[in-house]
Undergrad: 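The structure under discussion is supplied below as structure tokens; questions concerning it will follow.
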Amino acid sequence: MTDEARILAAVRAIPAGQVSSYGDVARRAGLPGRARLAARVLSHNSDPLLPWHRVLRADGRIALPEGSRGYREQSQRLRAEGVQVTRGRVSMPSREQLLDAQIWGPAPANGKRR
DNA sequence: CAAGTGACAAAAG
DNA sequence: CCTTTTGCCACTT
């Protein structure tokens with residue numbers, strides 16, 4: 001099992017209507033600290049069935065350059081799944097964050113809103 | 001080997 | 001919220 005394959009599997013495991021981050025994907029693939037590998041794998045991927053649009057930056061923003069084709073494509077695909085996207089940002093928290101918040105309490109002191 | 005680059009991340013202010 | 005600063009990894013030059 002190659003690292004890339006494990007990343008792809010982790011991405012495919014994200015349910016529709018939910019989002020995750022590059023870091024989360026890598027962690028769930030058993031490759032902690034390798035968010036950039038996850039990003040690279042997605043950027044090179046060709047599989048049209050891969051739900052790449054469910055992967056965002058850790059802060060909930062779309063990673064692609066604003067206004068680019070992929071950016072628009074991702075926003076549209078997410079909205080089509082019922083995910084609210086505002087100014088390139090997804091307000092819906094990832095499952096990870098929901099669990100962490102329940103265990104460790106509310107988000108950081110600042111208004112980061114990841 | 002050194003430096004640059006990118007669909008990253010966390011902390012600090 | 002935003003930006004800057006560090007740290008990181010996986011190439012590429």
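Everything numeric here is computed off the predicted structure, so don't read it as measured data. Reminder, nothing fancy here: chain letters follow the sequence lines and each chain counts from 1.
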Undergrad: Could you give the CZ-to-P distance, from R61(A) to dA7(B), as a whole number of Å?
TA: 14 Å

Undergrad: Evaluate the side-chain proximity of V19(A) to I14(A): yes if any heavy-atom separation is below 4.5 Å, no if none is.
TA: no

Undergrad: Return the value, rounded to whole Å, for the distance between atom CD1 of I14(A) and atom C1' of dA7(B).
TA: 13 Å

Undergrad: To the nearest Å, how far apart are R27(A) CZ and dA10(B) P?
TA: 7 Å

Undergrad: Look at the side chain of A63(A) and decide which nucleotide, out of dC2(C), dA9(B), dC8(B), has an atom nearest to it.
TA: dC8(B)

Undergrad: Calculate the interatomic distance between R34(A) atom CZ and dC8(B) atom C1'; express it in whole Å.
TA: 14 Å

Undergrad: Do we see a donor-acceptor contact under 3.5 Å between the side chains of Q76(A) and H53(A)?
TA: no

Undergrad: In whole angstrom, give the distance that lies between atom CG of L37(A) and atom P of dA9(B).
TA: 12 Å

Undergrad: With side chains defined as the heavy atoms from C-beta onward, is the minimum distance between R12(A) and L50(A) less than 4.5 Å?
TA: yes

Undergrad: Please determine whether a side-chain nitrogen or oxygen atom of S21(A) lies at a distance below 4.0 Å from atom OP1 or OP2 of dC8(B).
TA: no

Undergrad: Starting at atom OH of Y22(A), determine the distance to atom C1' of dA10(B), rounded to an integer number of angstrom.
TA: 17 Å

Undergrad: Expressed in whole Å, how much space separates the C1' atoms belonging to dC8(C) and dG6(B)?
TA: 12 Å

Undergrad: Could you check H44(A) against G33(A) and say which one's nearest nucleotide on DNA chain C is further toward the 5' end?
TA: G33(A)

Undergrad: Under the salt bridge (charged side-chain N to carboxylate O under 4.0 Å, His left out) criterion, do R40(A) and D3(A) qualify, and how do the steps go?
TA: CA-CA 12 Å; R40(A) 185 178 176 283; D3(A) 287 355; over 6 Å; no

Undergrad: Given dC2(C), is OP1 or OP2 found less than 4.0 Å from the side-chain N or O atoms of R89(A)?
TA: yes

Undergrad: Whole angstroms only, please: what is the CG-C1' distance between D24(A) and dA10(B)?
TA: 14 Å

Undergrad: Tell me which nucleotide among dA10(C), dA9(B), dA7(B) gets nearest to the side chain of R57(A).
TA: dA9(B)

Undergrad: If I pick the C1' atom on dT12(C) and the same atom on dC1(B), what distance separates them, to the nearest angstrom?
TA: 14 Å

Undergrad: Of L64(A), L78(A), V85(A), V83(A), which meets side chain to side chain contact (heavy atoms under 4.5 Å, CB included) against L56(A)?
TA: L78(A)

Undergrad: Ignoring hydrogens and angles, does a donor from either the side chain of R36(A) or the base of dC8(C) sit under 3.5 Å from an acceptor on the other?
TA: yes

Undergrad: Starting from P on dA7(B), measure out to CG on L78(A) and report it in whole angstrom.
TA: 18 Å

